[in-house]
Amino acid sequence: MTMASAAAPLVELRNISISFGGIRAVDNVSVDLFPGEVVGLLGHNGAGKSTLIKCLSGAYHPDAGEIWINGKKVAINNPRDARAFNIETIYQTLALADNLDAASNLFLGRELVSSFGFVDDAGMEAETRKILARLNPNFRKFKEPVSALSGGQRQSVAIARAVYFNAKILIMDEPTAALGPHETQMVGELIQELKRQGLGIFLIDHDIHQVKQMCDRAAVMKNGQLVGIVKVADVTEDDLLGMIILGKKPAHLAG
Amino acid sequence: MTDTAQSRSAEKPRRSILDTMEIDSRLMGMLGVLVLISLAFQIWTGIRALDTFSWNPFAWLVNGKFLSTQNTYNLAIQTVSIAIMATGMVFIIVTRNIDLAVGSLLALCSGVMAMMQTEILPHWLGLGLGSPLIMPIAVICGMFTGMVIGAFQGWLVGYQGIPSFVVTLGGLLVWSKVAYEIVGGQTIGPLDPTFLMLGGTNGTIGSTASWVLGAVVAVLTVWGIWASRRSKAGHGFQVKPAWAEVFLSLVSVGMIMGIVAQINAYLIPPARLQKMFTERGETMPEGYTQAFGLPISVILLAVVALVMTVVANKTRFGRYVFATGGNPDAAALSGIDTKWLTVKVFALMGVLTAISAAVASARLTNHSLDIGTLDELRVIAAAVIGGTALAGGFGTIYGAVLGALIMQSLQSGMGMVNVDAPYQNIVVGVVLVLAVWLDIVYRKRAGKK
Ligand SMILES: Nc1ncnc2c1ncn2[C@@H]1O[C@H](COP(=O)(O)OP(=O)(O)O)[C@@H](O)[C@H]1O
Ligand SMILES: [Mg+2]
């Protein structure tokens, strides 16, 4: 951490707030992320984790706050802007078009085109086969619409889409929710590999044990507010659980 | 080649012949329905044509009138207008919208084109009646009208969030009145002679050109089948067995040339032929016959269907249309501007409506006040019978064209056997509901949705 903190953070979310109707879904939250770092986002359902990262991915426009990337203030008005900053997102809902096949989903919005400007389906399928062979070697259903896939297979497609396009900043919103133990382990290995390649990763996960293993720091949210950011090495799993439930930093770190 | 590495490669699922040839079972079903309808009306008209009833099915088929060259020719011409709009309605419905205004918009575009060619261009702008410039300018003005109004409706739906059902229901009422006003509440005609070529028998290319065109299309189709095979093989994907490709090529060529043969078998009626010779100051040789050949309107439909199929399957725009229909949120999160897409889809529908308006008014040789009435229902029915899912996300262009042909066949057949109009409506209504029900059953079976 010490060597990383010398440089400007990859991402800085500063004082982000956003409301829906009367509800303050995210209330003045600031989090940063360095290259080669995994920051876990923890909190109860409805704490505002997904909403916060959707401000970074361009799905929502925050009511207040700033987004800084590589030391520069940026405007992210839509998902295309986020993609232009090499921000890739695995959404909690996966955001797949059920009626299209894996390749069409993987390249949605960024289709490979031939010289005539026609979409190159064969080329996209070939690329999809390559990346999925790495992520999920049992994946076979390349021709079917993704509605015909199992939860784990769908998740593989969403993960493949996020890592295919050379992301620098990766947002993973409960990426292992539908996966079995073996696939979950593979995603863990993938995260470690991407981290070694220097990506910054926001990881939302309910499994505290997993967060403790995979993350460098953890940011805990409650009712839209930031409880605190801690280095996972400094806390126990019980400390993290306490932060989530009580909304307070553990005594030995407070103050 | 993909299943070499894995352990469980042993059992390979057995595949049916249709699967092996990768033929869409829905396409086969629709063609089957079309054949059934044709045979039923052929037999029905055949029995009616006999002086004394006979039990000989051969006599029924031979004496039937439904599959006569004249009737199939008329059927083709009558289907064009609805079928062109149905291809656009596929995109509308796939994006989870509906367009109830196409009939009224057709009337408006037809009115604009009629006024352009009978008043504005020849008199106000002084081109003179019969100028060859009138047809293209009038059609372009009609298409522009359709595009602008379609885009406006799309803007209300996409950017203002008003449900398309409401917007286009309003459009249905508004545009028909506007159409009435701009033509001064009168039938406008006769239309420009060049313009009439878009309608049917007044614009045909003759038998020789039809054969040549058919042959060219057949060659391109076969080339397409094999080019796609080569591309797949080039990426190392599994391809169907060569016999399946050969069979498919033969069937395609047979169908294309069969259609041309049926069209070319319809001869210009002798009285009309006589008149053509007299107009040219010649005398008609004894026993002379001549075929109409393919109507320009039918060629226009083929071109529209081809272009729309390519747009649907091979362009980003088409991909986004289907993605938006399948999951609008996912499409938006993938950076697709779904609002602007809605505007484009409705504008495209407007342009296609204008093309249909040109075909429809040219076929009637004038702009009548009731043109386009109830067309929205026929167009939606054609798209839905053709397998377009009202829930969005699924639909094919060929399905919509076949749907239009099935609807027109039913109507034309019932007319031939003197079914009264109210009963015709009952049949069409039942067929529509039945088609949607079959589609739901089919999707459940296929496990697609
Ligand atoms: N699009 C939306 N419209 C209205 N309320 C929303 C919307 N998105 C999120 N919320 C609300 O914001 C709060 C935070 O939700 P969310 O970010 O999904 O929580 P988490 O991901 O931490 O479980 C919840 O109260 C939720 O109901
Ligand atoms: Mg969430």
Side-chain angles (χ1 to χ4, degrees), chain A residues 54 57-60 77-84 88-101 103-114 116-130 132-133 137-140 142-148 157-158 161, chain B residues 1-3 5-9 12-13 19 22 94 96 227-239 310-341 389 391-395 443 446-449:
Chain A
K54 278 183 176 175
S57 76
Y60 291 152
N77 293 315
N78 55 51
R80 256 165 304 151
D81 291 348
R83 285 179 169 189
E88 294 292 333
T89 311
I90 300 161
Y91 291 99
Q92 192 170 4
T93 55
L94 302 185
L96 299 173
D98 277 342
N99 54 336
L100 302 183
D101 60 18
S104 301
N105 270 292
L106 202 151
F107 285 92
L108 193 56
R110 292 180 280 204
E111 290 75 12
L112 302 180
V113 290
S114 67
F116 302 114
F118 293 133
V119 293
D120 177 11
D121 281 310
M124 291 193 284
E125 187 183 327
E127 289 298 301
T128 306
R129 282 176 186 272
K130 268 190 236 159
L132 277 170
N138 291 319
F139 196 98
R140 284 285 177 283
F142 291 97
K143 294 285 182 211
E144 280 89 343
V146 295
S147 59
V157 175
R161 173 167 65 185
Chain B
M1 52 220 59
T2 47
D3 47 7
Q6 281 307 305
S7 50
R8 56 185 198 95
S9 61
K12 227 181 180 178
D19 279 347
E22 289 172 25
V94 162
R96 304 187 178 188
S228 130
R229 179 187 174 84
R230 232 180 310 120
S231 154
K232 276 187 192 161
H235 281 95
F237 301 160
Q238 202 178 1
V239 290
V310 169
V311 168
N313 298 330
K314 286 271 131 203
T315 67
R316 285 190 162 156
F317 171 69
R319 189 62 43 92
Y320 299 166
V321 163
F322 282 86
T324 302
N327 186 345
D329 295 334
L333 291 175
S334 296
I336 295 169
D337 189 342
T338 53
K339 294 174 180 171
W340 179 229
L341 187 87
F394 294 95
R443 282 220 175 95
K448 280 183 179 162
K449 194 157 192 192

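Per chain, numbering begins at 1; letters A, B, ... match sequence-line order. Atom set for the values below is all heavy atoms of this structure, side chains included, hydrogens, waters and symmetry mates excluded.
Contact of A:E144 with chain B is not made at all, since no heavy-atom distance falls under 4.5 Å. In this structure, the portion of A:Y91 lying under 4.5 Å from any heavy atom of chain B is its side chain and not its backbone. Contacts between A:R161 and chain B at a heavy-atom distance below 4.5 Å involve the side chain alone, from C-beta outward.
Contact between B:Y320 and A:E111 at its shortest, heavy atoms only, is OH-OE1, 2.7 Å. The nearest pair of heavy atoms linking B:H235 to A:A126 is CD2-CB, 3.6 Å. Across all their heavy atoms, A:N99 and B:G326 have their closest contact at OD1-CA, 3.2 Å. In this structure, A:D121 and B:N313 approach most closely via the heavy-atom pair OD2-O, 3.8 Å.
Checked by atom type and distance alone, the side chain of A:R83 pairs as donor or acceptor with a backbone atom of B:S334 at under 3.5 Å. A donor-acceptor pair under 3.5 Å is absent between the side-chain atoms of B:R319 and the main chain of A:S104, judged by distance alone. Panel note: side chain B:N327, backbone A:D98; no donor-acceptor pair is recorded below 3.5 Å.
In B:K314, the NZ atom is crowded: over 12 heavy atoms of neighbouring residues, nucleotides or ligands sit closer than 6.0 Å.
Note that the CG atom of B:D329 and the CG atom of A:L96 stand 12.0 Å from one another [nearest 0.5 Å]. Rounded to the nearest 0.5 Å, atoms CG (A:L108) and CZ (B:R316) are 10.5 Å apart. Considering CG of B:L333 and OG1 of A:T93, their distance stands at 6.5 Å, rounded to 0.5 Å.
Highest contact tally toward chain B, considering only A:N105, A:D120, A:N78, A:L100, is held by A:L100 [criterion: heavy-atom pairs under 4.5 Å]. Your options are B:P328, B:G318, B:A330, and the one with the most heavy-atom pairs under 4.5 Å with chain A is B:A330. Chain B forms the most heavy-atom pairs under 4.5 Å with one residue out of A:G123, A:G109, A:A122, and that residue is A:A122.
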